[in-house]
Amino acid sequence: MTVAASRHSSAAPAASLNEQQRAAVEHRSGPLLVIAGAGTGKTMTLAHRVAHLIDCGTPPERILLLTFSRRAAAEMLSRAQSLTRDGGTRRVWGGTFHAVAAHLLRLHGRAVGVQPDFTVLDRSDTADLLNLVRSALTETYERKRFARKETLADIYSRTVNAGAPLREVLQRCFPWCAADRGAIASIFTAYTQRKRASNVLDFDDLLLFWRALMASPAAERVAERFDHVLVDEYQDVNALQAAILAGLHRTIADVFVVGDDAQAIYSFRSATVDHILDFPRLFEGTRIVPLEQNYRSTSPLLAASNAVIALARARHEKTLVAVRPGGVRPQLITCRDELAQSDAVCDSVLRLREQGIALHRQAVLFRTSHHSDLLEIELGRRNIPFVKYGGLKFLEAAHVKDVLALLRVLDNPRDAVSWFRVLQLLEGVGPVHASRLMTSIGVDGAATTPSPLRALVEGDVVVPDAARPSMTALRALIDELSVERDPVPLASQIERIRRFCEPVFARLYGNAEVRLRDVDQLAVLAAASPSRTAFLTDIALDPPGATSDLAGPPLLDEDYLILSTIHSAKGGEWDAVRIIHAADGMIPSDMATGDAASIEEERRLLYVAMTRARDVLEVYFPLRYHRRPRGAGDAHAYSQLTRFIPDGVLGLFDERVAGDQPLSGGGSDAGAGGTAAVDDALRELWAG
DNA sequence: TAGTCCGAGTTTTTT
DNA sequence: ACTCGGACTA
């Protein structure tokens with residue numbers, strides 16, 4: 001049996017490992033670095049390693065498996081499960097750095113001054129709190145244009161994760177905000193104070209405090225939980241994460257790390273390939289095992305991927321060798337415009353499905369979330385079910401955040417951002433009244449003062465007349481749900497909140513019906529969590545990544561096409577992969593063409609996308625865009641094929657033209673690209 | 001002071 | 001196309 005085939009069968013006996021993989025799996029002790037190219041059986045090697053450790057007698061709960069997403073951890077563990085003799089992987093500690101940090105801080109946080117019942121702020125909460133803090137600082141009002149709250153959150157996160165001075169980060173990554181450095185610094189100071197007072201931690205705090213924990217006297221107690229640490233996708237760790245691992249390594253000898261510098265695509269999160277390159281230096285006695293046999297893609301597909309990455313400026317010399325012979329060449333499909341592209345993709349999807357490739361074995365990948373907008377419409381029109389990964393989250397919708405804010409104040413009554421949101425749900429209450437109310441119920445008070453929840457229910461709060469009825473409703477809600485003894489089950493809590501939200505949504509939002517259905521969805525999601533706190537943590541750290549808006553409740557048995565940003569496609573593989581918008585300005589995104597390093601990252605992004613394909617790879621290139629990417633000018637513009645597929649690489653593709661007419665109209669419409677398209681269409685006639 | 005309407009500026013990827 | 005802020009009205 002081949003290694004690749006094991007993906008579809010439940011168990012792969014150790015005999016199916018190649019020599020390098022087996023060396024990694026059976027490694028005795030000390031740090032090990034696996035340099036694993038795309039499709040070389042990295043996940044399987046990790047799964048075998050976990051299974052091997054357990055079979056050798058390591059208790060599962062003494063293994064720490066850090067992966068890029070919780071999905072990856074779950075998949076890895078279920079694979080390992082099928083490999084172990086007694087199947088006992090359920091207690092392995094697995095998850096993202098952030099999720100594991102949250103877990104450890106609930107257990108050991110006190111050692112570094114963290115209250116164990118903290119709430120986790122997600123990305124948009126962070127932005128909201130920064131915004132709240134900014135409006136409180138008058139000096140910033142004097143400047144007309146100021147960084148948006150999301151940008152502030154980006155700057156903050158980047159600074160913290162890189163461990164670099166604000167000045168440098170601003171200069172390098174946010175030059176247009178550099179003039180506001182003073183104001184930004186004071187916003188960050190105030191932001192930090194607010195977080196501490198509210199007993200909330202943002203994503204970056206989770207890592208910061210985990211690192212602090214590893215430098216504290218409690219480090220022993222954390223480290224002694226584990227005998228082995230395994231890290232996936234190591235090329236995408238940042239300085240903080242690398243420091244945490246180094247901290248663990250002080251007492252845990254067996255550190256097992258897997259990554260591929262050619263697939264580093266998270267520099268915007270302050271990740272650097274430096275950490276994987278420096279690993280052998282930092283972890284003394286490291287053994288390095290390269291995996292170079294690609295079991296995933298057929299050789300013509302791999303040849304094209306290799307050609308794309310070979311043009312990278314700096315990279316580790318390693319050439320992937322295809323194990324799967326035969327196969328067809330990748331296709332480069334030139335389309336008249338975006339509509340033709342959507343059309344061609346749908347045609348191709350249906351054609352392959354008729355050939356027996358199920359929809360969920362097919363994927364469409366793109367650089368940014370909205371690149372699939374038109375395609376989604378066309379898929380909907382043709383009744384092709386799909387699930388989209390990445391991009392707009394269900395959780396970011398205002399009404400979902402409203403419900404979560406209600407749950408959060410119940411969970412952590414000092415959470416100022418959530419109170420601010422909750423109180424403004426009341427009719428006639430805006431920012432000013434909300435702030436006053438928060439003061440009067442003591443949201444900012446010390447932990448020893450009475451709970452703001454009780455103050456709201458029992459105290460004498462002053463509200464505008466218009467707010468009286470809705471305030472009564474809110475008090476009733478909080479009174480019912482904040483009962484300490486005899487806690488109401490989470491699902492009923494959400495049901496109760498839903499009743500409160502009905503009139504509120506009707507007043508605030510257009511389509512209350514649809515939004516209330518989302519609340520039901522939330523209740524379904526909540527059913528999997530053991531407690532309210534666990535639910536709120538889970539949902540912040542591992543938000544439901546897929547949105548399947550159109551088709552109503554997704555029937556899990558139903559077959560569906562995968563739509564995904566390239567970032568979210570990391571680690572995935574499909575029989576057929578289509579990459580759309582392969583035009584310069586899309587890949588590379590024209591926001592990332594500033595410096596050489598970001599362009600290189602975009603190149604790796606294309607490489608990651610291409611290497612997801614097993615048998616079929618189609619790259620789509622729309623010749624013309626109706627709405628210009630940005631700025632004024634013509635209503636439409638011609639585009640260029642992505643610079644990452646220059647002529648030399650193009651020879652590895654079959655080219656064809658999609659769309660009924662090569663180019664519409666005549667005269668002025670036909671540019672240089674037009675002739676090429678016509679010629680290509682002609683060539684296709686002769687080729688057949 | 002809340003809520004609404006209008007105009008302007010905007011850039012992407014994720015834990 | 002979408003959010004944010006300013007102006008204006010009630």
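Below, read A as the first sequence line, B as the second, and so on, with proteins coming before strands; counting in each chain starts at 1. Note that this is a predicted model, so its numbers are computed, not measured.
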Inset, instruction - Decide whether a cation-pi geometry holds between Arg604(A) and Tyr607(A); the criteria are a distance under 6.0 Å from NZ or CZ to the six-membered ring centre and an angle within 45° of the ring axis. - result: no

Legend entry - Under-4.0 Å side-chain N/O to phosphate OP1/OP2 contact, His433(A) with dA2(B): yes

Legend entry - Arg468(A) and Glu427(A) ion-paired at < 4.0 Å: no

Legend entry - Geometric class of the Phe279(A)/Tyr234(A) ring pair [parallel <30°, tilted 30-60°, perpendicular >60°]: perpendicular

Legend entry - First of Phe203(A) and Thr151(A) reached from the 5' end of DNA chain B, by closest nucleotide: Thr151(A)

Inset, instruction - Nearest whole angstrom, please: distance from the C1' of dT13(B) to the CZ of Arg269(A). - result: 10 Å

Inset, instruction - Rounded to the nearest angstrom, tell me the gap between atom CZ in Arg123(A) and atom P in dT12(B). - result: 13 Å

Inset, instruction - For Arg367(A) and dT12(B), give me the distance from atom CZ to atom P, rounded to whole Å. - result: 10 Å

Legend entry - Asp205(A) with Arg196(A): basic N within carboxylate O range, under 4.0 Å: yes

Inset, instruction - Looking only at non-hydrogen atoms, find the nearest pair between Leu406(A) and Cys501(A) and report the distance. - result: CD1-SG, 4.2 Å

Legend entry - Face-on cation placement of Arg158(A) at Phe268(A) ring, 6.0 Å and 45° thresholds: no

Inset, instruction - Ignoring backbone atoms, test whether Ser568(A) places a side-chain nitrogen or oxygen under 4.0 Å from the OP1 or OP2 oxygen of dT14(B). - result: yes

Inset, instruction - May I have the distance from Ile539(A) (atom CD1) to dT14(B) (atom C1'), rounded to whole angstrom? - result: 16 Å

Legend entry - Side chain of His567(A) - closest among dT15(B), dT1(B), dT14(B): dT14(B)

Inset, instruction - Could you tell me the separation between the NE2 atom of His371(A) and the P atom of dT13(B), rounded to a whole number of Å? - result: 9 Å

Inset, instruction - Could you check which of dT14(B), dT15(B), dC4(C) has an atom nearest any side-chain atom of His98(A)? - result: dT15(B)

Legend entry - Euclidean distance, atom CH2 of residue Trp210(A) to atom P of dT15(B) [Å, nearest integer]: 16 Å

Legend entry - Donor on one side chain, acceptor on other, Asn199(A) and Asn412(A), under 3.5 Å: no

Inset, instruction - Select from Glu602(A) and Gly430(A) the residue whose nearest nucleotide in DNA chain B is closer to the 5' end of that strand. - result: Gly430(A)

Inset, instruction - Answer yes or no as to whether dT15(B) has its base stacked against Phe97(A), where stacking requires a ring-centre separation under 5.5 angstrom and planes under 30 degrees apart. - result: no

Inset, instruction - Return the stems involving DNA chain B, sorted by first number, where pairs are Watson-Crick (N1-N3 with N6-O4 or O6-N4) or G-U wobble (N1-O2 and O6-N3), both under 3.5 Å, and runs are 3 or more long. - result: B:1-9 with C:2-10

Legend entry - Check: Asp204(A)/Ser157(A) side-chain N/O donor and acceptor closer than 3.5 Å: yes

Legend entry - Nearest-angstrom distance from the residue atom CD of Glu233(A) to P of dT13(B): 19 Å

Legend entry - Below 4.0 Å: OP1/OP2 of dT14(B) and any side-chain N or O of Thr565(A): yes

Legend entry - Spacing between Ile155(A) atom CD1 and dT11(B) atom P, to the nearest angstrom: 11 Å

Legend entry - Closest nucleotide among dT1(B), dT14(B), dT12(B) to the Val432(A) side chain: dT1(B)

Inset, instruction - Would you indicate which nucleotide in dA2(B), dT13(B), dT14(B) comes nearest to any side-chain atom of Ser369(A)? - result: dT13(B)

